[in-house]
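Each residue takes its place number in the sequence, starting with 1. This structure is a prediction, so every number in the text was calculated from the model and none was measured. Whatever order the structure lists them in is the order used to number ligands and atoms, beginning at 1. Computed from heavy atoms alone, side chains included, the values below leave out hydrogens, waters and symmetry copies.
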Amino acid sequence: MGAIRKIIQWATDPWGQTVPIHIAWFLIWVAAIAGLSFLVIHAIWIRYFARREGFADRVQRELEEHLAAELPERIPRHSLVARLFHWIMAASMFTLLFTAFLPKVGVQFDWVTYHWIAGTVLTASVLFHVIHASFWLDFWAIWPDKADIQDAWKRIRRFFGQSALPPRRFAKYPLENKLYHGAIIATGLSAILTGVFMLFRVRTGILPRNPYLLSDMTWGLMYVLHGLAGVGLIALVMMHVYFAARPEKLAITKSMIFGSMDREFYLEHYDPERWPAEGASVSPHSHSND
Ligand code: HEM
């Protein structure tokens, strides 16, 4: 209880009731330091301790070298529409983070207008993304499947030095990306849903201003949830940018700009049965009939 009291800023409403008004802003530093610690520990781990990625199917992969000839040189990964969504969302997310938190750490400017406009862009782009991913993309590609769970178990055992077969190569998205996407859904939707209500508190010209829509207590909790999701996003966005900038992930990052990745990178990291390449002139099984 004491800890909860400290992470929230309280005020007394006109009726003498103690109500939350928003999160305590030191949480900005907690999130930034947590994000930074993750990056430093991960980078040290990779540099000094991690073993090379070991996948099960080396023999299989040699067979696939024959398949390479049938694959296009560049494997399509993200369509133009998916890339446009990604970068619009990224621009609005950075605008939201900077407009929300710079004033709280001492950089004063008239932030609310930029913030709610970026919030509206983010809300619209996420709505678009949900529809696009449900009907045009492979909706299930981003959710953990049975192979992910089996492989996670093998990877945990190998991490602790116990015997286990090496895992398979990945589908389009490794388990870590899927879990990250889940965390973004939870924090992003919390910020969006509360943010849409908070639009009623400011003069937008779109919605009628109505600060009396909810009780002081409910508004307070709304601001607290918005703030918690917001600081959570500081750490999550830091992690995301860090992984995008890591040298071994640059091919994936570039595919979010140019849309495709090298055939060699694809065959090295992805299982053609779990993520079949678009544009291949044969199926991944065809070598067994050779
Ligand atoms: C996703 C990243 C977002 C972050 C990091 C973020 C962060 C914040 C923070 C820290 C505040 C100050 C709250 C307070 O004083 O307690 C705030 C206010 C606000 N946010 Fe966001 N927010 C985000 C998304 C959104 C979205 C998507 C919308 C709209 C759909 C939105 C609309 C608003 C509005 C209208 C306010 C001002 C409320 C007021 O001044 O009374 N925000 N935001």
Side-chain angles (χ1 to χ4, degrees), residues 4-14 18-36 85-131 180-242:
I4 293 182
R5 290 208 153 272
K6 286 206 189 80
I7 62 166
I8 293 176
Q9 275 186 45
W10 304 84
T12 309
D13 75 3
T18 305
V19 288
I21 46 172
H22 43 232
I23 57 165
W25 301 121
F26 77 85
L27 290 182
I28 296 172
W29 298 111
V30 173
I33 292 168
L36 201 63
F85 158 73
H86 177 268
W87 294 112
I88 290 172
M89 185 199 56
S92 56
M93 178 59 80
F94 276 111
T95 310
L96 285 159
L97 287 171
F98 285 116
T99 52
F101 296 123
L102 282 180
K104 313 293 185 289
V105 297
V107 186
Q108 299 302 336
F109 62 101
D110 189 7
W111 63 277
V112 179
T113 310
Y114 303 111
H115 188 82
W116 75 255
I117 293 175
T120 311
V121 173
L122 180 74
T123 307
S125 67
V126 168
L127 273 176
F128 168 80
H129 174 65
V130 172
I131 296 170
Y180 179 88
H181 185 259
I184 283 286
I185 293 179
T187 46
L189 284 190
S190 305
I192 288 175
L193 292 176
T194 50
V196 167
F197 275 97
M198 286 156 74
L199 288 176
F200 286 101
R201 298 278 299 228
V202 295
R203 229 171 276 284
T204 57
I206 309 174
L207 294 167
R209 186 166 176 273
N210 182 6
Y212 306 106
L213 186 68
L214 304 168
S215 72
D216 287 341
M217 180 57 109
T218 313
W219 274 125
L221 293 174
M222 193 77 93
Y223 277 68
V224 167
L225 183 55
H226 195 76
L228 287 177
V231 292
L233 283 161
I234 296 179
L236 287 172
V237 169
M238 283 171 77
M239 286 163 63
H240 184 72
V241 174
Y242 160 77

(Q) Please state which option from Y223, F200, W25 has its nearest heavy atom closest to atom 38 (C) of ligand 1. (A) Y223
Q) What is the closest protein heavy atom to atom 26 (C) of ligand 1, and at what distance does it sit? A) G119 CA, 3.6 Å
Q) Which of the listed options, W111, W219, F101, holds the heavy atom that is closest to atom 12 (C) of ligand 1? A) W111
Q. In terms of residue, atom name and distance, what is the protein heavy atom nearest to atom 40 (O) of ligand 1?
A. V202 CG1, 3.9 Å
Q: Please work out whether the ring planes of H22 and W25 are parallel, tilted or perpendicular, with thresholds of 30° and 60°.
A: tilted
Q | Distance from atom 15 (O) of ligand 1 to nearest protein heavy atom, with residue and atom | A | H22 ND1, 3.3 Å
Q.
Need the ligand 1 atom indices (1-based, order shown) with element for anything under 4.0 Å from a heavy-atom of L97.
A. 5 (C)
Q: Quick one: look up the protein heavy atom nearest atom 3 (C) of ligand 1 and list residue, atom name and how far away it is.
A: L96 CB, 3.8 Å
Q. How long is the gap from CE on M217 to OG1 on T18, to the nearest 0.5 Å?
A. 8.5 Å
Q | Residue selection (non-hydrogen contact nearest atom 19 (C) of ligand 1) among H115, R201, M93 | A | H115
Q: May I ask you to list the atoms of ligand 1 that are less than 4.0 angstrom from any heavy atom of A100?
A: 7 (C), 8 (C), 9 (C), 10 (C)
Q) Which residue and non-hydrogen atom of the protein lie closest to atom 36 (C) of ligand 1, and at what distance in Å? A) M198 CE, 3.8 Å
Q. Which one of D110, T120, T95, T99 satisfies the side-chain hydrogen bond (donor to acceptor under 3.5 Å, both in side chains) criterion with H115?
A. T99
Q: Just do the side chain to side chain contact (heavy atoms under 4.5 Å, CB included) check on V105 and W29 with the steps written out, would you?
A: CA-CA 9 Å; V105 297; W29 298 111; 3.5 Å; yes
Q | Worked check of side chain to side chain contact (heavy atoms under 4.5 Å, CB included) between L102 and F109 | A | CA-CA 9 Å; L102 282 180; F109 62 101; 4.0 Å; yes
Q | Spacing of CD1 belonging to I192 relative to OG1 belonging to T187, to within rounding of 0.5 Å | A | 9.5 Å
**Q.** Best match, V121, T123, V231: closest heavy atom to atom 30 (C) of ligand 1
**A.** T123
Q) What residue and heavy atom of the protein are closest to atom 25 (C) of ligand 1, and at what distance? A) H226 CE1, 3.3 Å
Q) Using the ring of each side chain (for Trp, its six-membered ring), is F85 parallel, tilted or perpendicular to F128, with breaks at 30° and 60°? A) tilted
(Q) Using modelled atom types and a 3.5 Å cut-off, is there a donor and acceptor pairing between side-chain atoms of Y242 and backbone atoms of L36? (A) no
Q | Ligand-side contact atoms (ligand 1) for residue partner L233, heavy atom cut-off under 4.0 Å | A | 1 (C), 2 (C)
Q. Does any N/O atom on K104 come nearer than 3.5 Å to any N/O atom on ligand 1?
A. no
Q) So does Y180 have more than 12 non-hydrogen atoms from other groups sitting under 6.0 Å from OH? A) yes
